2 protein chains.
Amino acid sequence: MSEATAAADPAAMAALKHVALAGGLTETKVSCAALGDRLDASTQTASRRLQTLESAGLLERDVVGDGQWVRVTDAGEAALRGEYADYRRLFESDVELVLRGAVTGGMGEGRHYITLPGYAAQFAARLGYEPFPGTLNLELDAESVRRRGEIAGIDAVPIDAWEDEDRTYGAAACYAVTLVADDGRYEDGHAIVPDRTHHDDDKLEVIAPDELRAELDLTDGDTIEVRVEATSRADAPDDPDAFEDSGEPEDPDEPLGEVA
Amino acid sequence: MSEATAAADPAAMAALKHVALAGGLTETKVSCAALGDRLDASTQTASRRLQTLESAGLLERDVVGDGQWVRVTDAGEAALRGEYADYRRLFESDVELVLRGAVTGGMGEGRHYITLPGYAAQFAARLGYEPFPGTLNLELDAESVRRRGEIAGIDAVPIDAWEDEDRTYGAAACYAVTLVADDGRYEDGHAIVPDRTHHDDDKLEVIAPDELRAELDLTDGDTIEVRVEATSRADAPDDPDAFEDSGEPEDPDEPLGEVA
DNA sequence: ATTACTAATACACGAGTAA
DNA sequence: TTTACTCGTGTATTAGTAA
């Protein structure tokens with residue numbers, strides 16, 4: 001969901017893509033000869049690819065003697081959409097702002113806040129994932145502190161204020177970012193910027209589906225690049241309103257915004 | 001340009017995609033270890049992938065001892081965009097209308113018209129390719145004849161009328177279509193519908209960059225599916241106005257439209 | 001015509017190593 | 001640490017064949 005899809009087998013994905021292009025998302029009849037042509041491979045290899053895809057659960061088949069009827073399964077379509085998302089990231093999401101910062105300690109406080117149900121439910125619903133319970137805290141370099149203000153002009157996912165019996169919790173904005181480590185590793189996530197506090201201009205907090213420190217092999221003091229995307233679409237493929245299964249159900253009448 | 005990109009090596013393309021996602025479209029530093037992680041492969045394999053991409057002209061590299069600086073070449077970006085185009089076809093271009101017809105003879109007349117400079121230049125400029133000199137003529141089945149009228153509501157590329165010293169040639173509309181043969185082979189092209197003639201409602205003429213009869217292994221009488229796309233974008237990736245090299249230069253002051 | 005098996009071969013992979 | 005070489009092994013591939 002976050003990083004580039006570690007797509008099973010690139011060769012199998014290529015075959016699946018061709019099946020889908022031939023109409024396999026609904027149902028279509030293919031022949032191994034035609035598929036082999038497309039893949040620059042033999043009919044035997046094409047046959048094996050289809051078997052592989054079937055046993056991987058990405059494809060359903062009905063072999064009928066003079067060919068075979070195939071349809072891409074939901075898992076197969078999800079895999080294809082994963083690839084598609086990668087290419088969209090490549091060519092559609094132009095990066096609006098690039099910041100650099102050093103990883104700094106203090107997982108504690110951020111961890112506490114983002115796991116609170118009032119926030120967690122909104123993350124799940126609006127970002128399309130449940131954040132790893134912990135934030136990556138960055139201390140921006142001088143140049144980045146200067147440019148940080150530009151973030152206000154970038155499209156963000158709003159996180160509404162909420163309250164429990166004890167206190168109220170402020171609203172925030174989530175900016176879609178790609179974190180790029182110095183060794184080329186990268187992960188997608190969101191920079192979360194509280195609406196109120198404008199001190200701490202040299203700090204940036206990032207959440208992601210996975211543990212960023214582990215995925216990017218980061219330790220305190222490492223510098224990292226933060227690419228803020230112009231369009232903050234969620235990674236979630238299709239259903240932007242399917243979040244009933246995660247966290248507290250949201251009260252549609254809850255008082256939002258404007259909290260001191 | 002027309003069918004799905006017969007992308008060199010799927011594994012190499014996967015590597016190229018990851019390099020690009022890591023920022024390689026401009027320039028970025030990668031390590032074979034990180035790339036190997038992403039590809040579920042060893043560092044040796046990652047190293048070999050990068051060498052392969054380099055010798056294929058898809059990537060430029062500067063090995064610097066503690067890593068390597070890489071940038072995707074224009075050819076590499078074109079290959080990636082080819083993949084991207086495939087996925088867009090999968091998930092963006094919803095098919096608006098599906099017709100079926102039988103291949104019928106008569107390449108002669110269509111061939112004559114589409115090779116006329118006044119038409120050919122427009123095809124090159126507006127469709128992004130020079131059509132194979134010949135049209136595929138289809139005789140629609142009864143159901144398709146009935147539904148054919150819906151095509152009027154679909155987005156089309158206009159082809160303007162023009163004239164030479166002898167006569168005038170009428171305007172037409174080009175609808176982006178995907179032809180799917182019964183064996184699963186498919187090709188992209190355009191249905192070309194003259195603006196004037198409304199007899200011949202059971203005929204459909206299709207042009208494409210390649211010889212459709214050969215690519216789809218068609219002979220007279222074979223039936224084929226014609227998927228008319230809702231959005232008639234050209235296949236040409238980027239430069240919609242680069243067509244000086246193909247056919248006659250268009251006179252910007254030529255009288256267009258309104259011809260009896 | 002299909003699909004898919006078996007068998008021979010080629011090629012790709014990763015371990016080890018050097019620079 | 002890097003990259004990338006060689007080399008032994010294993011897997012993927014194709015040819016041939018059967019159903």
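Below, chain A is the first sequence line, B the second, and so on; all start at residue 1. These numbers were taken from a predicted model, which means no experiment stands behind them.
Between R49(B) and dC13(C) there is a side-chain polar atom (N or O) within less than 4.0 angstrom of OP1 or OP2. OP1 or OP2 of dG14(C) sits under 4.0 Å from a side-chain N or O of T45(B). Phosphate contact (OP1/OP2 of dA4(C), side-chain N/O of R61(A), threshold under 4.0 Å): present.
When rounded to the nearest whole Å, the span between NZ of K29(A) and P of dT3(C) equals 10 Å. Residue W69(A) contributes atom CH2, which lies 14 Å from atom C1' of dT2(C) at whole-angstrom precision. Distance, L35(B) CG to dA4(D) C1': 14 Å, rounded to whole Å. Across the protein-nucleic acid pair, D37(B) atom CG and dT2(D) atom P stand 11 Å apart, rounded to whole Å. Distance D40(B) CG to dT11(D) P: 16 Å, rounded to the nearest Å. The distance from atom CG of D62(A) to atom C1' of dA4(C) is 16 Å, rounded to the nearest whole Å. Look at CD on Q44(B): it is 5 Å from C1' on dG14(C), rounded to the nearest Å.
Put simply, the side chain of R49(B) never gets that close to the backbone of C32(B): no donor and acceptor are under 3.5 Å apart. Looking at T52(A), its side chain does come within 3.5 Å of a backbone N or O of R48(A) through a donor-acceptor pair. Counting only distance, with no hydrogens or angles, the side chain of T73(B) and the backbone of G57(B) share a donor-acceptor pair below 3.5 Å.
Both tests hold for R38(A) against Y186(B): distance to the six-membered ring centre under 6.0 Å, angle to the ring axis within 45°. In this structure, R213(A) fails the cation-pi test against F132(A), since its NZ or CZ atom is not both closer than 6.0 Å to the six-membered ring centre and inside 45 degrees of the ring normal.
Each of C32(B) and A11(A) lies near DNA chain D, and the nucleotide nearest C32(B) is the one positioned closer to the 5' end. Where T43(B) and D183(B) each meet DNA chain C at their nearest nucleotide, the meeting point lying more 5' is that of D183(B).
When each of dA12(D), dA12(C), dT3(C) is scored by its nearest atom to the side-chain atoms of R48(A), the top-ranked nucleotide is dA12(D). If you check dC13(C), dA4(D), dT3(C) against the side chain of Q68(A), the one that comes closest is dT3(C). Of the candidate nucleotides dT13(D), dG16(D), dT2(C), dT2(C) has the atom nearest to the side chain of A33(A).
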Go through Y113(B) and I192(B) one step at a time and tell me if the side-chain contact (heavy atoms from CB on, under 4.5 Å) criterion holds.
CA-CA 11 Å; Y113(B) 280 107; I192(B) 178 161; over 6 Å; no

With side-chain contact (heavy atoms from CB on, under 4.5 Å) as the criterion, how do V19(B) and L50(B) come out once you've worked through the C-alpha distance, each side chain's angles and the decisive distance to 0.1 Å?
CA-CA 9 Å; V19(B) 167; L50(B) 292 174; 3.9 Å; yes

Under the criterion side-chain contact (heavy atoms from CB on, under 4.5 Å), I'd like the reasoning laid out for D182(A) against K29(B): C-alpha separation, chi angles, the key distance, then a yes or no.
CA-CA 7 Å; D182(A) 289 340; K29(B) 194 157 130 195; over 6 Å; no

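Of all the residues in residues 50-59 of chain B, not one reaches under 4.0 Å from DNA chain C with any non-hydrogen atom.
Using a 3.5 Å distance cut-off with no hydrogens or angles, the side chains of E139(A) and T104(A) do not pair a donor with an acceptor. With hydrogens and angles left out, the side-chain atoms of Q51(B) and S47(B) include a donor and acceptor closer than 3.5 Å.
Contact annotation for S31(B): backbone-only contact, meaning every heavy-atom pair under 4.0 Å involves sugar-phosphate atoms and none involves a base.
Between its two ends, the helix from dT2(C)-dA19(D) to dA19(C)-dT2(D) turns its axis by 40°, counting five pairs per end and rounding to 10 degrees.
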